[in-house]
Amino acid sequence: MKQFVILSIVAVFFLYSVDALQFTDCGSKIGKFTKVLVSDCDTTKNECILKRNSTVSITIDFSLAEDVTSIKTVVHGKVMGVEMPFHLQNPDACVDSGLKCPLEKGETYEYLASLPVLKAYPKVNVMVKWELQDQTGEDIVCVEIPAKIQ
């Protein structure tokens with residue numbers, strides 16, 4: 001009986017983890033993200049719901065393997081295999097994002113940003129690709145966020 005209870009608990013945990021939201025590393029080179037938060041995102045689902053005509057906040061905690069003098073934010077939405085750029089008002093991640101450049105190797109940082117979800121965006125499933133790039137264009141952190149625009 002005890003084995004059945006343990007097996008049942010493991011099965012429930014497995015089912016829960018399959019449906020849980022997964023943020024995927026898409027090519028981080030000189031850093032590693034340790035936490036990603038998306039405002040109003042239910043992480044028990046397999047995608048974040050991005051409501052049109054709203055603004056979503058993103059928090060990425062990351063550590064560095066090298067010193068960095070400047071950081072540029074690049075965001076794309078991948079729909080049906082095609083990447084389309086999201087234009088940010090402030091792509092300089094060293095300004096108004098919680099980061100003060102230069103950043104030092106071996107340290108952990110918290111990056112904060114806002115992403116407007118325009119009313120003109122179509123209602124589609126989208127893979128949001130969020131990159132923080134260093135002064136040479138190398139990805140410090142690259143994270144994919146499964147989402148659905150509603």
Side-chain angles (χ1 to χ4, degrees), residues 1-65 68 71-101 103 107-134 137-150:
M1 183 66 168
K2 183 178 178 183
Q3 289 175 334
F4 177 74
V5 171
I6 291 172
L7 185 59
S8 296
I9 291 170
V10 169
V12 168
F13 176 75
F14 177 74
L15 289 173
Y16 173 76
S17 66
V18 168
D19 286 336
L21 182 64
Q22 302 258 334
F23 299 113
T24 308
D25 188 303
C26 52
S28 301
K29 301 271 195 258
I30 61 173
K32 180 179 178 180
F33 68 86
T34 55
K35 181 172 74 171
V36 178
L37 296 173
V38 179
S39 64
D40 299 325
C41 179
D42 182 353
T43 57
T44 65
K45 306 292 183 191
N46 59 4
E47 60 194 8
C48 291
I49 302 300
L50 307 178
K51 296 190 186 283
R52 295 185 313 160
N53 205 29
S54 71
T55 300
V56 175
S57 63
I58 307 280
T59 303
I60 301 173
D61 290 357
F62 65 96
S63 58
L64 284 172
V68 172
I71 302 175
K72 177 182 176 185
T73 305
V74 178
V75 181
H76 287 87
K78 193 186 311 186
V79 178
M80 296 172 45
V82 178
E83 285 191 8
M84 296 172 282
F86 278 97
H87 297 286
L88 300 175
Q89 290 179 333
N90 177 27
D92 185 348
C94 297
V95 177
D96 296 330
S97 68
L99 302 177
K100 300 273 191 233
C101 293
L103 304 182
E107 297 294 322
T108 301
Y109 296 94
E110 183 179 74
Y111 164 81
L112 308 165
S114 295
L115 178 68
V117 183
L118 303 180
K119 189 174 182 178
Y121 290 167
K123 294 180 179 182
V124 294
N125 289 339
V126 60
M127 182 65 71
V128 178
K129 181 179 175 184
W130 202 285
E131 298 167 274
L132 299 178
Q133 297 178 340
D134 72 2
E138 193 80 35
D139 276 348
I140 298 166
V141 171
C142 181
V143 61
E144 287 185 330
I145 304 165
K148 184 175 189 174
I149 298 175
Q150 286 189 341

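One-based numbering along the sequence shown.
Exactly one of Asp61, Thr73, Thr59 qualifies for a side chain to side chain donor-acceptor pair (under 3.5 Å) with Tyr111. That residue is Thr73.
With rounding to the nearest 0.5 angstrom, the CD1 atom of Ile58 is 4.5 Å from the CH2 atom of Trp130. A distance of 13.0 Å separates CD of Glu131 from CD1 of Ile71, quoted to the nearest 0.5 Å. Rounded to the nearest 0.5 angstrom, Ser54 OG and Asp40 CG are separated by 8.0 Å. For the atom pair CD (Glu47) and CD1 (Ile145), the distance works out to 13.0 Å, reported to the nearest 0.5 Å. Distance check: Ser114 OG to Leu88 CG gives 9.5 Å after rounding to the nearest 0.5 Å. Atoms CG and CG, on Leu50 and Asn125 in that order, are 10.5 Å from each other to the nearest 0.5 Å.
Contact annotation: the side chain of Leu112 never approaches that of Ser57 to less than 4.5 Å [non-hydrogen atoms, C-beta and beyond]. The closest side-chain heavy-atom distance from Pro146 to Gln22 is not below 4.5 Å. A heavy-atom distance below 4.5 Å is found between the side chains of Arg52 and Ile149.
Between Thr55 and Ser39 the shortest heavy-atom distance is O-OG, 4.5 Å. Closest non-hydrogen pair, Glu110 versus Leu99, comes out as O-CD2, 3.6 Å. For Leu103 against Lys100, the heavy-atom pair with the smallest separation is CD2-O, 3.3 Å. In terms of heavy-atom proximity, Cys142 sits nearest to Ser28 at N-OG, 2.9 Å.
Counting only residues at least two apart or on different chains, the salt bridge (charged side-chain N to carboxylate O under 4.0 Å, His left out) pairs with a member in residues 139-150 are Lys78-Glu144. Listed by first and then second residue, the ring pair (Phe, Tyr, Trp, His ring centres under 6.0 Å) pairs involving residues 79-98 are Phe86-Tyr121 (not counting sequence neighbours).
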Practice problem: Starting from the C-alpha separation in whole Å, work towards a yes-or-no answer on side-chain contact (heavy atoms from CB on, under 4.5 Å) for Phe33 and Leu132. | Solution: CA-CA 10 Å; Phe33 68 86; Leu132 299 178; over 6 Å; no
Self-check item: Steps toward side-chain contact (heavy atoms from CB on, under 4.5 Å) verdict (Ile140, Tyr109)
Solution: CA-CA 12 Å; Ile140 298 166; Tyr109 296 94; over 6 Å; no
Practice problem: Would you please test Val75 and Val128 for side-chain contact (heavy atoms from CB on, under 4.5 Å) and show each step? | Solution: CA-CA 7 Å; Val75 181; Val128 178; 4.0 Å; yes
Quiz prompt | Intermediate values then yes/no, side-chain contact (heavy atoms from CB on, under 4.5 Å), Glu83 and Met127 | solution = CA-CA 9 Å; Glu83 285 191 8; Met127 182 65 71; over 6 Å; no
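Heavy atoms of other residues, nucleotides or ligands lying less than 6.0 angstrom from CG of Asp96 number 12 at most.
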